[in-house]
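To start, the structure itself, in structure tokens.
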Amino acid sequence: MTPHDPRVDVLVVGGGLGGVAAALAAARHGLRVHLTEEFDWLGGQLTSQGVPPDEHPWIEEFGCTASYRELRDGIRDHYRRHYPLTDAARARPDLNPGAGWVSKLCHEPRAGLAVIEAMIAPHTASRRLTVDLRARPVAAGTDGDAVTSVTLRSLETGEEYTVEASYVIDATETGELLPLTGTEYVTGFESRAETGEPSAPENAQPENVQALTYCFAVDHLEGEDHTIPRPERYEHWTAVQPEYWGAPIISWTAPNPRTLETSHRHFSPNPGDDALAVTADQSKDPGDGNLWSFRRIIARDLFEPGAFASDICLINWPSIDYFERTTLDVSEQEYEESLDDAKQLSLSMLHWMQTEAPRPDGGRGWPGLRLRADVMGTEDGLAMAPYHRESRRIRGLDTVREQDVSGEIRGDQGARSYADSVGIGMYRIDLHPSTGGDNYIDVPAEPFEIPLGMIIPQRTTNLLAACKNVATTHITNGCYRLHPVEWNLGEAAGLLAVHCLGAGTTPHATHASPQQVSDLQALLEADGVELRWPDTVHGY
């Protein structure tokens, strides 16, 4: 555990993309920052959860903050400096190391980690930023409506320590500080009466949350046998077949997210496709026909012959979405049992792929599929952390609803515009199957803005949200939960703390004052945060 100051300007709990962005923003303006993370790696969904960045089609030109672009450029430079790329691949300014169809920048988790560590290095060296890994929040101190401190426990030693801070930023994956601090929040599906959303149910469903996933990586070595032992829950998981699925979930079949029709995909390792020809634009082609190349994170043909014996494929498919029960506001035992069950689902999928999966040549199974534990940095081969798609969400000063961003509702108006915009983002409203038995909800969204009020709780005065715990609804979480938006949320939270400490004001006073909002926006823009979309950009 890193030596730490008992009191700092900003405490950031949660070291995912939002937490890292918040800590960087505050530290580069000279604040003393303490950043904690439950797992061994910073980076959250980009690294410890193993999810290549889900981004909009215009990401190479605009639509993200300058520091997020620094992260993306750094990942490409990491491969150019350290990997034996072919001359053609090295020359590509839009290098996509995995040539995956899900993202224009599919890469190994460790590459993202290396760049994040380089970005924070000047601040940790100067001691403006202290980072504690393997630490979880267990308690919080409050004084009226203010959070005075957070107590954390080292997962290595069991030691507990308390950090006091002027501002506390909750960047945890599930909004862990909200119940600890008594901050009002909501879980699951709100009712239509509350939100007015056409896709909401008549009655609230607080336990109805999106699936979580344990991702993993594989390569394929023809002629070798890397079959894992049969998982304990294999019989259970191979028999699960939701009514709306059209097949067992462990199969190449799943609902099409946009049409909900049964869709049959295929799987062909190392297909020998033209890796340089992959465009990775899901507004034109979802790219999930061959699941191998969909989330591929190393395309061996982009590297010198012999550098890689196989492509490396990241498995994050509908077949390993765990939606049997919620993991929010349950006992620690229930939480751990659900995570173990989710791991069993992922391992069952791998075992099925190795032994029973139908092959295009009429055979069954690919025993040469090798679980790449080294890629994920774990002993069991699964991602270090579960990919939570949905969190506890603050009841904020401004809640983004379906009618604020839906292309079907907004029409030619575009998404709702906010005078207090602190950033922008874009992704379809993409909800995975949920614990309440819902199928996908996937509808077009318009390029949207991030209102200041969605990161500020209604009551708590110095706690800010910087991950999936911002004031979305269950529905709009589906477009505000992805990589560049989470980074922007965190950066906005960090810069709001900078503004408040510098001006001697508060988040609520800033939100209420057009002049203070303007001052904050000037700070954001000076740091490279885009606040508005070009008028020519529309959703898909």
When every non-hydrogen atom of L495 is compared with those of D527, the smallest separation belongs to CD2-OD2, 3.4 Å
Which residue pairs satisfy the salt bridge (charged side-chain N to carboxylate O under 4.0 Å, His left out) criterion with at least one member in residues 478-488, sequence neighbours excluded?
D430-R481
Please give me the minimum heavy-atom distance between I394 and P457, naming the atom from each residue.
CD1-N, 3.7 Å
Going by an N to O cut-off under 4.0 Å, is there a salt bridge joining E402 and R410?
no
Between the side chains of R295 and E108, is the shortest nitrogen-to-carboxylate-oxygen separation below 4.0 Å, so that they form an ion pair?
no
Step by step, work out the side chain to side chain contact (heavy atoms under 4.5 Å, CB included) result for F189 and D438.
CA-CA 11 Å; F189 229 143; D438 294 321; 3.7 Å; yes
If you take all heavy atoms of A88 and L276, which pair is closest and at what distance?
CB-CD1, 3.7 Å
Side chain to side chain contact (heavy atoms under 4.5 Å, CB included) evaluation trace for V131 with I120:
CA-CA 10 Å; V131 178; I120 68 171; 4.1 Å; yes
To the nearest 0.5 angstrom, please state how far the CG atom of L24 sits from the CG atom of L129.
7.5 Å
Given H538 and W533, is the ring-ring contact (aromatic ring centres under 6.0 Å, His included) satisfied, shown in steps?
CA-CA 9 Å; H538 300 284; W533 283 97; over 10 Å; no
Do you know which two heavy atoms are closest between L345 and D321, and how far apart they sit?
CD2-O, 3.5 Å
Please check if the side chain of S346 supplies one atom and the backbone of Y214 the other of a donor-acceptor pair under 3.5 Å.
yes
Let me know which of V209, N469, T183, T174 forms a side chain to side chain contact (heavy atoms under 4.5 Å, CB included) with R392.
T174
Using 4.0 Å as the upper bound for N to carboxylate O, is an ion pair formed by R401 and D404?
no
When you check the gap from the basic side-chain N to the acidic O, do E194 and R395 get nearer than 4.0 Å?
yes
One thing to verify: whether E197 and R192 come together as a salt bridge, which I'm taking to mean a side-chain N less than 4.0 angstrom from a carboxylate O.
no
Between E37 (side chain) and G14 (backbone), is there a donor-acceptor pair under 3.5 Å?
no
Hey, does the side chain of T510 reach the backbone of T506 with a donor-acceptor pair shorter than 3.5 angstrom?
yes
Taking everything shown except D274 itself, do over 12 heavy atoms lie less than 6.0 Å from its CG?
yes
Using atom types as modelled and distance alone, determine if a side-chain donor or acceptor of Q403 lies under 3.5 Å from a backbone N or O of T195.
yes
Could you check whether any side-chain N or O of R76 sits under 3.5 Å from a backbone N or O of L95, counting only pairs where one atom can act as donor and the other as acceptor?
yes
Starting at OG1 of T460, measure out to OH of Y185 and round the result to the nearest 0.5 Å.
12.5 Å
Identify the two heavy atoms, one from L302 and one from P97, that lie closest to each other, and give their separation to 0.1 Å.
CD1-O, 3.6 Å
Spacing of L496 atom CG and Q516 atom CD [to the nearest 0.5 Å]:
9.5 Å
CG/D170 to CG/L11 distance, rounded to the nearest 0.5 angstrom?
10.0 Å
Counting neighbours of CD on E207 that are heavy atoms of other residues, nucleotides or ligands and sit closer than 6.0 Å, is the number greater than 12?
no
Which pair of heavy atoms, one from G19 and one from L35, lies closest together, and at what distance?
O-CD1, 4.0 Å
Can you tell me if N462 uses its side chain to pair, donor with acceptor, with the backbone of A146 under 3.5 Å?
no
Would N208 and S434 count as having a side-chain donor-acceptor pair, cut-off 3.5 Å?
yes
Is a side-chain N or O of Q521 found less than 3.5 angstrom from the main chain of A419, in a donor-acceptor match?
yes
Side chains of T279 and D281: is there a donor and an acceptor less than 3.5 Å apart?
no
Mind checking what makes salt bridge (charged side-chain N to carboxylate O under 4.0 Å, His left out) contact with R90, not counting sequence neighbours?
none
NZ/NE/NH1/NH2 to OD/OE distance under 4.0 Å, E446 and R416
no
Go through the structure and list residues passing side chain to side chain contact (heavy atoms under 4.5 Å, CB included) with S338, not counting sequence neighbours.
Y322, R325, T327
Which pairs pass ring-ring contact (aromatic ring centres under 6.0 Å, His included) with one or both residues in residues 431-458, sequence neighbours excluded?
H432-Y440, F448-Y480
Walk me through it: do W101 and F294 pass the test ring-ring contact (aromatic ring centres under 6.0 Å, His included)?
CA-CA 5 Å; W101 285 88; F294 182 46; 9.4 Å; no
Under 3.5 Å: donor-acceptor pair, side chain of K104, backbone of E60:
no
Sequence neighbours excluded, every pair satisfying ring-ring contact (aromatic ring centres under 6.0 Å, His included) that has a member inside residues 490-517
none
K468/E390 salt bridge by N-O under 4.0 Å criterion:
no
Is it the case that the side chain of W245 and the backbone of T253 share a donor-acceptor pair, with hydrogens and angles ignored and the cut-off at 3.5 Å?
yes
L178 side, atom CG; S391 side, atom OG - distance, nearest 0.5 Å:
6.5 Å
Got a donor-acceptor contact below 3.5 angstrom from the E491 side chain to the A21 backbone?
no
Are R265 and D288 ion-paired here, with the side-chain N under 4.0 Å from a carboxylate O?
yes
S518: what forms a side chain to side chain contact (heavy atoms under 4.5 Å, CB included) with it, not counting sequence neighbours?
Q515
Whether over 12 other heavy atoms sit under 6.0 Å from E61 CD
yes
Please round to the nearest 0.5 Å and tell me the distance separating atom NE2 of H474 and atom OG1 of T187.
10.5 Å
Please report the C-alpha distance between V10 and I169 in whole Å, then the side-chain angles of each, then the deciding distance to 0.1 Å, and finally whether the side chain to side chain contact (heavy atoms under 4.5 Å, CB included) criterion is met.
CA-CA 7 Å; V10 178; I169 295 177; 3.8 Å; yes
